[in-house]
Chemist: 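Shown below is the structure under consideration.
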Amino acid sequence: KQEVTQIPAALSVPEGENLVLNCSFTDSAIYNLQWFRQDPGKGLTSLLLIQSSQREQTSGRLNASLDKSSGRSTLYIAASQPGDSATYLCAVSPPGYQKVTFGTGTKLQVIP
Amino acid sequence: NAGVTQTPKFRILKIGQSMTLQCTQDMNHNYMYWYRQDPGMGLKLIYYSVGAGITDKGEVPNGYNVSRSTTEDFPLRLELAAPSQTSVYFCASKEGGPTGELFFGEGSRLTVL
């Protein structure tokens, strides 16, 4: 059974700092890994999707990496802003089997 | 550019009542999912579907039923509502394969009193 872990559960940083969020998974047989953002009381917004054949994806100030062999993904946020404050979740999709497994998220607070 | 649409956004039920949460997507995705999210907790899969006419149980299916008569629609039925079903419910859809990006609806907040 796939298990996805995100540590730390919460993180507080000053504005302007670069930061890294971590996602670990136990089964390396995945189709892709997706990072989401969730604002309080809102739905999940997709940030980046990394296919199993890729090493990283970039969108603006966000960069996500994937190391299947070690079962790890990181989400790098450059020059953090108060508007980045949210909960960030990662999710893995295995091949030939459509149940997506989510981590429990990292709650990020960027202090002005 | 609707994506995944859920209705209603909010609902209060009395114990023992039944209701249906509606979910529709306009992206022609085969795969659809229902999750629940309790305060401070992660997402738990209730039911999923890999295509019209095909559904299967997730982690927490008890007290719920689904149907998938069309590609677009995947309603979630709550029978005999209980306080333990108070939660936020999310519907999601995606294509299959390694490029399949998961898209979520905005959620339905349900309270059972």
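Order of the sequence lines fixes the chain letters, A, B, ..., with proteins taken first and strands second; residue numbering starts at 1 for each chain.
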Chemist: Under 4.5 Å heavy-atom distance to chain B, tell me which part of A:Leu49 shows up: side chain, backbone, both or neither.
Modeler: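 For A:Leu49, side-chain heavy atoms alone lie under 4.5 Å from chain B.
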
Chemist: Side chain to side chain contact (heavy atoms under 4.5 Å, CB included) between B:Leu102 and A:Phe36: does it pass, once the steps are laid out?
Modeler: CA-CA 10 Å; B:Leu102 192 62; A:Phe36 294 88; 3.9 Å; yes

Chemist: Under a 4.5 Å heavy-atom cut-off, does chain B meet the side chain of A:Gln34, its backbone, both or neither?
Modeler: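 When you check distances to chain B, only side chain atoms of A:Gln34 fall under 4.5 Å.
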
Chemist: So, for A:Gly41 and B:Arg109, which heavy atoms are closest and what is the spacing to 0.1 Å?
Modeler: CA-NH2, 3.8 Å

Chemist: What's the spacing between B:Gln37 CD and A:Thr87 OG1 if we round to 0.5 Å?
Modeler: 8.5 Å

Chemist: Side chain, backbone, both or neither: which part of A:Gln38 has a non-hydrogen atom closer than 4.5 Å to chain B?
Modeler: side chain

Chemist: Relative to chain A, which segment of B:Tyr35 carries a heavy atom at a distance below 4.5 Å: side chain, backbone, both, or neither?
Modeler: side chain

Chemist: Inspect the surroundings of CZ in A:Arg55 and state if more than 12 heavy atoms from other residues, nucleotides or ligands are less than 6.0 Å away.
Modeler: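 Not buried by this count: 12 neighbours or fewer within 6.0 Å.
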
Chemist: Treat each ILVMFWY residue as a node, draw an edge where side-chain heavy atoms are under 4.5 Å apart, and state whether B:Val60 and B:Phe74 are in one component.
Modeler: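 Looking at the clustering, B:Phe74 is in the same group as B:Val60.
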
Chemist: Determine whether B:Val112 and B:Leu21 fall in the same hydrophobic cluster, where Ile, Leu, Val, Met, Phe, Trp and Tyr are linked whenever their side-chain heavy atoms lie under 4.5 Å apart.
Modeler: yes

Chemist: If you define the side chain from C-beta out and look only at heavy atoms, does anything of A:Leu44 sit under 4.5 Å from B:Leu43?
Modeler: yes

Chemist: Side chain, backbone, both or neither: which part of B:Glu106 has an atom under 4.5 Å from a heavy atom of chain A?
Modeler: backbone

Chemist: How about CD1 on A:Ile111, more than 12 heavy atoms from neighbouring residues, nucleotides or ligands closer than 6.0 Å, or not?
Modeler: yes

